[in-house]
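Hydrogens, waters and symmetry mates are skipped; everything else that's a heavy atom, side chains included, is used. Just so it is clear: chains get the letters A, B, ... in the order the sequence lines come, proteins before strands, and each one is counted from 1.
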Amino acid sequence: MLTSAPRGTKDILPGQSRHWQTIEDTIRQICREYGYEEIRTPIFEHSEVFHRGVGETTDIVQKETYDFQDRGGRDLTLRPEGTAPTVRALLEHKLYAGPLPVKVYYIGPMFRFGRPQAGRLRQFHQFGIEVFGSASPRVDAEVIAMAMDFYQRLGLKKLQLLLNSIGCPKCRPGHRQALQEFLQPKATELCGDCQKRLDRNPMRVLDCKNERCQELSQGAPTTVGYLCDVCADHFASVKELLEAAGVEYTLDDRLVRGLDYYNKTAFEIVSTDIGAQSSIGGGGRYDNLVETLGGPSVPGIGFGLGLERVLLTMENQGLLESDSRELRNIFIAMAGEGTAPVAFGLAQTLRKKGLSVELDYLERSLKAQMKTADRFHAPYVVIVGQGEVERGVITVRTMGTGEQREIPLGEATEILSGLF
RNA sequence: GUGGCUGUGGCGAAGUGGUUAACGCACCGGAUUGUGGCUCCGGCACUCGUGGGUUCAAGUCCCAUCAGCCACCCCA
């Protein structure tokens with residue numbers, strides 16, 4: 001299949017790349033305003049980074065990673081998410097030893113092996129941020145508010161912010177036990193996956209999509225019901241701060257994120273406009289991840305937003321302009337012997353003045369060149385004809401009105417750049 | 001990994017097993033002399049995803065395979 005991109009990957013063609021650029025511009029802008037600096041990590045890491053970071057029991061690690069060995073026999077993995085690599089970099093460069101908190105963002109491709117469908121690719125892109133070194137609920141609130149601000153700037157509508165707290169290692173055992181006791185009697189009726197989860201990670205039963213499991217877990221003990229004082233206070237503060245910032249949220253006591261490293265605050269943003277994969281972003285606090293990866297005890301929190309899903313939502317909400325062609329300021333048409341050097345030279349000087357200038361590369365008829373100029377929506381066309389060249393002038397045609405006038409070649413640069 | 005639907009020119013889309021595979025859009029060229037947008041005329045398919053098979057004959061039937069789409073699992 002030499003002529004098709006690998007399954008689950010997509011070329012971003014010129015008509016689309018414009019939209020990516022506007023999203024990226026928005027990202028850079030918002031990060032500047034919130035005080036986040038970019039970090040760029042490799043797209044592959046030693047496999048252990050993800051196995052230990054994301055969690056061995058996680059679906060992502062168990063069946064979705066792109067693992068390979070390089071020629072030196074190293075076990076490597078294409079990154080399926082951005083947090084673990086960021087933490088690795090934090091440790092490697094001891095960023096935690098500098099001023100805290102450390103606030104970074106990243107944009108880039110992620111890789112997960114799964115069947116492609118609407119809003120799901122094997123190579124997709126995420127915009128994520130991470131904050132290290134503060135356990136304060138202020139950071140939780142800022143991170144969440146920033147995510148919502150980002151969507152808002154792009155014009156996304158009808159989004160829902162789901163919020164939950166899944167507690168910490170102190171309060172989780174209590175909840176875990178209560179949950180297991182609640183589910184145990186019904187164990188045989190749960191789906192296969194959940195029967196395994198019951199033992200390993202019973203929380204996950206709560207957000208199982210299986211209808212029967214949903215019914216069975218009705219009324220089950222929730223994480224918020226078992227929060228320790230510290231976690232409860234923390235959660236209350238996060239909510240209070242969000243309200244103060246005017247960020248609307250929906251409490252969802254079944255929201256349990258799929259990555260093992262989360263604790264306390266967990267959130268997810270969903271859109272109803274992109275098919276079955278409704279989540280367009282999510283994140284949470286991970287106060288133990290840095291330690292898990294062999295570093296000091298440094299609290300962290302962050303989010304990861306799926307850019308394809310953002311784009312999909314924008315598309316389905318009619319937020320993308322359909323006109324895909326870049327505009328040109330000036331098109332230079334030429335016809336006849338000896339006109340090419342004049343046209344070419346003029347194009348260069350105009351470009352150096354900052355104008356977007358197009359000219360004919362196919363040696364086509366003047367008529368064809370005019371058509372091309374029209375397609376570029378060039379407001380002005382410069383016609384360099386043999387007669388003009390001999391007289392030391394060029395013709396400038398205003399496409400909107402069809403008016404033409406001749407100007408001396410020597411003054412062309414000044415006059416033309418003065419039009420913009 | 002599982003399931004459903006689909007696969008004809010750059011795109012969209014016809015095509016009851018049997019001559020030269022419609023049409024639309026896009027693209028290219030032309031409609032007297034160097035000029036756009038409208039109109040008109042013309043041009044543009046030696047693998048009908050690929051490989052097998054059935055048949056006198058297959059784009060049209062069967063199988064396999066690949067790919068796309070959608071859904072499940074899970075997630076962004």
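No engagement by A/Gln123 is indicated, since no non-hydrogen atom pair under 4.0 Å with the nucleic acid exists. Among the heavy atoms of the strands lying under 4.0 Å from A/Ala368 are primed sugar atoms or P, OP1, OP2 only; no base atom is included. As judged by a 4.0 angstrom heavy-atom cut-off over every strand, A/Ala373 is placed among residues making no nucleic acid contact. Residue-level contact check: A/Gly8 touches the backbone only, with heavy atoms under 4.0 Å from sugar-phosphate atoms and none from bases. Within 4.0 Å of A/Gly281, counting heavy atoms only, lie sugar-phosphate atoms of the nucleic acid but no base atom. Across all strands shown, A/Gln117 has heavy atoms under 4.0 Å from base atoms, whether or not it also approaches the sugar-phosphate. Among the protein residues, A/Gly119 comes within range of the nucleic acid bases, having at least one heavy atom under 4.0 Å from a base atom.
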Polar atom pairs between nucleotides 36-44 of chain B and protein, under 3.5 Å, N or O only, would you list them?
{"from": "B/G36", "atom 1": "N7", "to": "A/Arg397", "atom 2": "NH2", "distance (Å)": "2.7"}
{"from": "B/G36", "atom 1": "O6", "to": "A/Arg397", "atom 2": "NH2", "distance (Å)": "3.1"}
{"from": "B/G36", "atom 1": "O6", "to": "A/Met399", "atom 2": "O", "distance (Å)": "3.1"}
{"from": "B/G36", "atom 1": "N1", "to": "A/Met399", "atom 2": "O", "distance (Å)": "2.5"}
{"from": "B/G36", "atom 1": "N2", "to": "A/Asp374", "atom 2": "OD1", "distance (Å)": "2.8"}
{"from": "B/G36", "atom 1": "N3", "to": "A/Asp374", "atom 2": "OD1", "distance (Å)": "3.1"}
{"from": "B/G37", "atom 1": "O4'", "to": "A/Asp374", "atom 2": "OD2", "distance (Å)": "3.2"}

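Counting to the nearest Å, the C1' atom of B/A76 and the CG atom of A/Leu305 are 9 Å from each other. Taking atom CG of residue A/Asp360 and atom P of nucleotide B/C28, one finds them 11 Å apart after rounding to whole Å.
A donor-acceptor pair shorter than 3.5 Å cannot be found between the side chains of A/Tyr249 and A/Gln160. Side-chain atoms of A/Arg364 and A/Thr372 include a donor-acceptor pair closer than 3.5 Å. Counted by atom type alone, A/Gln21 and A/Arg18 present zero donor-acceptor pairs between their side chains at under 3.5 Å.
Applying the side chain to side chain donor-acceptor pair (under 3.5 Å) test to A/His125 and every residue at least two apart in sequence or in another chain returns A/Glu308. Scanning for salt bridge (charged side-chain N to carboxylate O under 4.0 Å, His left out) contacts around A/Arg138 gives an empty result, with sequence neighbours left out. By the ring-ring contact (aromatic ring centres under 6.0 Å, His included) test, A/Tyr36 is found to be paired with no residue, residues two or more places apart in sequence or in another chain being considered.
Side-chain atoms of A/Ser365 lie closest to B/G30 of the nucleotides B/G30, B/C72, B/G68.
A cation-pi contact links A/Lys239 to A/Phe235, judged by a cut-off of 6.0 Å to the six-membered ring centre and 45° from its axis.
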Check your understanding: With Watson-Crick and G-U wobble geometry limited to distances under 3.5 Å, how should the secondary structure of RNA chain B be encoded in dot-bracket form, using | for bases paired to another strand and [ ] for crossing pairs?
Key -> ((((((((.[[[..)..(....]]].(((((.......))))).....[[[[[..)....]]]]])))))))....

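The phosphate of B/G29 has OP1 or OP2 within less than 4.0 Å of a side-chain N or O from A/Arg364.
Scanning atom types as modelled, no donor and acceptor separated by under 3.5 angstrom connect the side chain of A/Gln369 and the base of B/U35. At a cut-off of 3.5 angstrom, counting only N and O atoms as typed in the model, there is no donor on one side facing an acceptor on the other between the side-chain of A/Arg115 and the base of B/A71.
Taking a 4.0 Å limit (strictly below) on heavy-atom distances, residues 140-162 of chain A does not reach RNA chain B anywhere.
Between A/Phe420 and A/Tyr380, the distance separating the two ring centers is shorter than 6.0 angstrom.
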